[in-house]
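Chain identifiers are assigned alphabetically (A, B, ...) following the order of the sequence lines, protein sequences preceding nucleic acid strands; residue numbering begins at 1 within each chain.
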Amino acid sequence: MTTQQTEELAKAYVPGEFEHAIYERWLAADVFAPDGAGSAADWALPPFVIIQPPPNVTGSLHLGHAQRTTVEDLMIRHARMLGRPALYLPGLDHASIAAQFVLDGILAREGESRATLGRERYLERMRAFVAETREVILTQQRRVGGSCDWGRLRFTMDEVSARAVRESFLRLYRKGLAYRAEALINWCPGCRTSVSDLEVIPTPETGTIWRVRYHLLDPSTGAPDPAATITVATTRPETILGDTAVAVHPDDDRYASLVGRRVRIPFVDRDVPVIADPVVDPAFGTGAVKITPAHDHDDNDTGRRHGLAMPTILDDAARVANTGTAYDGLDRYEARTAILADLAARGDLAGEQPHEMVIGRCQRSDDVVEPRLKTQWFVRTAPLAEAALEATRSGRTTILPERFEKVWEHWMTNIRDWNVSRQLWWGHRIPAWYCPDGHATVSAEPAGPPACETCGRPSADLEQDPDIFDTWFSSGLWPFSTLGWPDRTDDLRRFYPGSVMETGYDIVFFWVARMMMLGIELAGDIPFHTVYLSGLIRDPYGKKMSKTRGNTVDPLGMIDGMGADALRFALVHGTTPGNDQRFGGAKVENARNFANKLWNATRFVLGARPPTIAGDAVRETPDAALLGPADRWVLSRAAGTVAAVDRALADYAFGEVSRLLYEAIWNEYCDWGLELAKVRLADERRSAAEREATWWALVEALDTYLRLLHPLMPFLTEQLWGVLPHRATDPALLVVARWPGVGERDETAEAEVGALVELVRAVRNARADATAEPRAWLPLDVYVEPELGDALEALRPAIERLARARPLRRHVTREALHGIAGAAGGLSVIAGAAEAIVGLGAGDEGAPAADRARLEKELAEAERLLEAARARLANEAFAAKAPPAVVEGARAREAELADQVDRLRARLGR
RNA sequence: GGGCGGUUAGCUCAGUUGGUCAGAGCGCCUCGCUUACACCGAGGAUGUCGGAGGUUCGAGUCCUCCACCGCCCACCA
């Protein structure tokens with residue numbers, strides 16, 4: 001250990017103080033790249049690859065990111081310490097619509113807009129904006145401690161990605177998996193683009209349902225019959241202008257005679273048929289529905305079934321257009337008002353009533369989404385989804401937690417074709433070119449095809465599709481586009497498929513589903529073996545955090561105050577995959593305290609180094625023969641923790657990992673390990689070699705705990721590990737040190753020390769209850785069962801100190817203990833295999849009474865438990881049906897309780 | 001209309017395959033500035049594990065139903 005490091009440790013723990021320096025050391029050592037100079041990767045082992053959702057290039061870190069990064073980083077660091085080539089590839093998403101939304105907001109404040117700038121200047125502006133913001137989120141990820149391979153940083157708009165996008169689309173097109181068609185899409189009038197089904201948020205609203213009379217035509221004259229009408233119910237009167245039929249249910253007797261007749265649509269004076277279709281619910285409204293195929297999903301289906309015309313009556317801004325009526329140019333809602341007034345004037349408005357309905361709003365702008373006919377590019381999802389489903393059903397890809405497989409299954413089975421065209425500017429331009437005759441040619445060449453592949457017209461006559469791809473199209477290629485696909489690069493061979501893809505459950509469909517479908521289809525294999533879904537971070541009231549709500553917590557502020565390690569620990573502690581967590585400052589404080597505890601424990605261990613060991617001594621494995629029970633206990637508990645942590649990690653139970661380490665470090669190592677060692681290190685009766693062994697045991701266990709904790713609290717553990725004596729084979733940095741192997745347990749030591757710890761606890765307990773002078777040294781008479789004798793002697797000084805017992809007298813039989821003078825006036829302690837009497841000093845007159853009350857209480861409890869245990873054993877069915885081990889356990893428990901009851905009764909003089 | 005999750009100490013949450021599982025942190029109460037740590041130490045109190053049935057020798061832990069809370073999916077005008 002260097003002088004500087006020693007000085008560092010002499011100080012109190014200041015959260016985060018050393019984090020930057022540590023991160024710089026990692027970078028300098030080039031340990032994050034699996035093939036970096038400082039890499040510990042053993043290429044004989046299978047690589048481990050984390051797929052990270054690339055954050056938006058315009059974004060800044062929120063707690064969700066921090067949690068994401070923590071979990072991903074935890075896994076990658078663990079894998080790295082196992083020696084596996086570990087790839088954690090960082091990236092950024094261009095976030096097409098989200099980025100445009102942000103930039104449009106900025107432009108609006110400057111009095112500019114997409115329209116005033118035009119496409120080229122807008123994109124220039126966007127590139128400049130993105131150049132400004134891109135480092136923000138990356139820097140923030142570093143502050144959280146993400147051990148990403150920065151040399152492999154990718155952006156969904158970089159050339160590698162662009163090439164993959166073009167190539168993918170071409171391949172899909174060639175296989176008939178991408179097609180261009182006029183179909184009803186979701187149009188956001190605010191964003192002026194189509195959006196996917198997923199981006200339409202069904203929003204409950206109280207609207208109005210109007211009843212409108214349509215006039216039937218006289219079959220003979222073809223003129224409207226003022227007396228014969230059919231009343232339809234609608235929530236959208238403005239779409240009357242686009243009606244091309246009225247539908248009723250085929251079995252509806254009320255309307256049976258009208259089917260086949262024609263009605264005149266008001267204002268546009270279009271004559272349309274009355275049709276029969278089972279989609280109509282006779283019980284709803286009037287049982288007759290107006291059909292607007294170009295502006296309603298149901299109606300569109302109906303229109304297709306019946307071969308109806310589909311006039312579009314709204315433009316990009318959702319204004320009425322091309323109807324040849326006076327409503328042209330009016331906004332859809334203005335038109336609604338006008339039409340209602342006109343209908344009323346005609347006497348054709350038959351009534352209205354409030355109506356609870358669900359309306360689709362744009363996820364981004366909150367505008368009411370308008371279903372609209374448009375010619376767009378679609379990805380045919382059915383075959384892709386089938387393959388994705390096969391992957392999860394066969395278990396080649398596992399979704400965690402399991403319950404999400406059901407959701408996955410349901411969504412994938414009912415998936416609709418994916419509209420990938422967006423009428424935006426920031427994104428990958430669709431690589432399709434059209435000739436004047438309307439033939440489409442798809443090409444992976446940036447410059448486009450040399451000629452129309454249908455009619456051979458030269459490229460000069462071709463025009464590229466102005467639209468861009470849905471941002472999730474390029475994200476969907478992420479697991480392989482980032483590795484250089486379509487080239488068969490080394491990276492692609494080594495790192496595809498990935499191991500674990502981690503993300504929040506809220507983007508399973510947006511992203512995970514697309515990666516699965518496109519990965520299997522284009523890269524020829526599943527993109528990852530495991531999908532780990534995290535829960536969402538909520539505010540202390542359980543509300544989703546959002547900027548508009550103003551309840552976001554700035555993770556950087558947390559890191560500044562409490563340290564990245566504490567934040568990471570808090571984000572994982574007490575959580576389970578897929579379950580949301582409420583997040584408050586108390587958790588981080590607790591984690592900070594834990595960090596502080598570990599810091600001070602390390603400080604103590606270093607300071608307790610026996611003078612016979614040099615400050616720069618190379619690590620020694622303590623000689624087993626020199627170790628006492630406490631030392632062996634410390635080592636055995638560390639070994640037990642390794643095994644438990646390994647199990648939890650294998651189960652992706654990261655909350656459990658944090659719990660195990662918190663408990664092992666704080667409640668075992670610090671509370672008892674160090675306390676016992678303090679006395680033993682100072683015990684002059686022990687040889688120098690023995691004391692050295694005790695110290696080495698402390699170092700050994702601490703080293704193990706630091707390694708186990710490193711994936712969760714990387715900065716702190718790196719800092720502390722740096723000052724511990726190392727073995728010659730250890731690397732310079734913990735980040736690339738080896739994960740601990742599972743050591744041997746020492747059952748004897750665990751049992752012995754466990755029993756003595758119980759004894760000390762019981763003595764403290766008795767003393768506290770009896771309100772005896774807390775600080776006084778009181779005589780303690782002890783009886784322990786013979787097999788604990790040696791351990792008691794070995795730990796005698798420690799027990800004396802921890803129980804504040806002086807003198808400590810050991811009795812070889814229980815009778816001898818009970819027979820001591822002063823037994824009656826002392827406090828009785830019964831702790832499993834040990835029993836003791838605490839002698840009382842003057843000033844404790846009230847103690848015997850308090851002690852008696854405590855014993856009575858203990859007795860009552862023991863009797864209750866004994867009774868329950870006996871009742872269980874008395875049940876013949878239990879003995880007959882329960883596994884022998886359980887029955888045996890119950891018998892042992894009964895015997896133990898019976899013994900305890902006997903002893904308590906004896907002490908109470910019964 | 002389907003589906004999923006939650007309902008465990010005052011608060012926030014753990015409880016992997018049913019058998020010392022009734023826990024943790026925070027908060028609260030009583031002590032203690034003992035030479036790693038007051039970001040600490042010692043001790044303590046608090047729950048019929050949402051309700052009702054059922055399966056089982058045995059159920060927070062499995063099944064059924066119900067009640068709230070939340071989420072996802074869904075073309076009723």
Matching residue for A:F404 among A:Y505, A:Y532, A:W411 - test: ring pair (Phe, Tyr, Trp, His ring centres under 6.0 Å): A:Y505

Any base atoms under 4.0 Å from [X], or only sugar-phosphate, or nothing? Heavy atoms, all strands.
X      : result
A:D299 : nothing
A:N875 : sugar-phosphate
A:G574 : sugar-phosphate
A:T576 : sugar-phosphate
A:E409 : nothing
A:D281 : base
A:A653 : nothing
A:P202 : nothing
A:R893 : base
A:E894 : nothing

Is it true that, when you exclude A:E861 itself, more than 12 heavy atoms of the residues, nucleotides or ligands shown sit nearer than 6.0 Å to its CD?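 Enclosed: over 12 neighbouring heavy atoms sit under 6.0 Å from CD of A:E861.
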
Table of protein N/O atoms under 3.5 Å from nucleotides 23-27 of chain B N/O atoms:
{"from": "B:G25", "atom 1": "O3'", "to": "A:N590", "atom 2": "ND2", "distance (Å)": "3.1"}

Between [X] and [Y], does any side-chain donor sit less than 3.5 Å from a side-chain acceptor?
X      : Y      : answer
A:N667 : A:Y662 : no
A:D281 : A:H249 : no
A:D417 : A:T381 : yes
A:T292 : A:D243 : yes

Verify salt bridge (Lys or Arg N to Asp or Glu O under 4.0 Å) between A:R870 and A:E863, making sure each step is shown before the conclusion. CA-CA 10 Å; A:R870 285 194 170 139; A:E863 281 174 334; over 6 Å; no

Does a side-chain N or O of A:W672 approach OP1 or OP2 of B:G41 to a distance below 4.0 Å, or not?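 Checking B:G41 against A:W672, no side-chain N or O comes under 4.0 Å of OP1 or OP2.
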
Can you check whether A:K406 has a side-chain N or O nearer than 4.0 Å to OP1 or OP2 of B:G3? no

Quick one: which of B:A36, B:G43, B:C4 gets closest to the side chain of A:R761? B:G43

Where the side chain of A:F878 is defined as all heavy atoms beyond and including C-beta, which of B:U34, B:C75, B:G19 is the nearest nucleotide? B:G19

By nearest nucleotide on RNA chain B, pick out whichever of A:W666 and A:V605 is the more 5' one.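 Closer to the 5' end of RNA chain B: A:V605.
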
A:D299 side chain reached by A:T239 side chain, heavy atoms, under 4.5 Å: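 Counting from C-beta outward, A:T239 and A:D299 never come under 4.5 Å.
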
Can you label the angle between the A:F18 ring and the A:Y13 ring as parallel, tilted or perpendicular, going by 30° and 60°? tilted

Protein-nucleotide distance (A:N414, atom CG; B:C72, atom C1'), rounded to Å: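 Spelled out: CG on A:N414 to C1' on B:C72 is 13 Å.
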
Quickly work out the A:E876 CD to B:G58 C1' distance and round it to whole Å. 16 Å

Spacing of the [atom1] atoms in [M] and [N] (rounded, Å):
N     : M     : atom1 : value
B:C68 : B:G50 : C1'   : 8 Å
B:G3  : B:C66 : P     : 12 Å
B:A67 : B:A14 : C1'   : 25 Å

Could you point out which residue of A:T231, A:V263, A:V274 forms a side chain to side chain contact (heavy atoms under 4.5 Å, CB included) with A:Y214? A:V263

When Watson-Crick pairs (N1 to N3 and N6-O4 or O6-N4) and G-U wobble pairs (N1-O2 and O6-N3) count only below 3.5 Å on both distances, what is the dot-bracket string of RNA chain B, with | for other-strand pairs? ((((((((.[[[[.)...(...]]]].(((((.......))))).....[[[[[..)....]]]]])))))))....

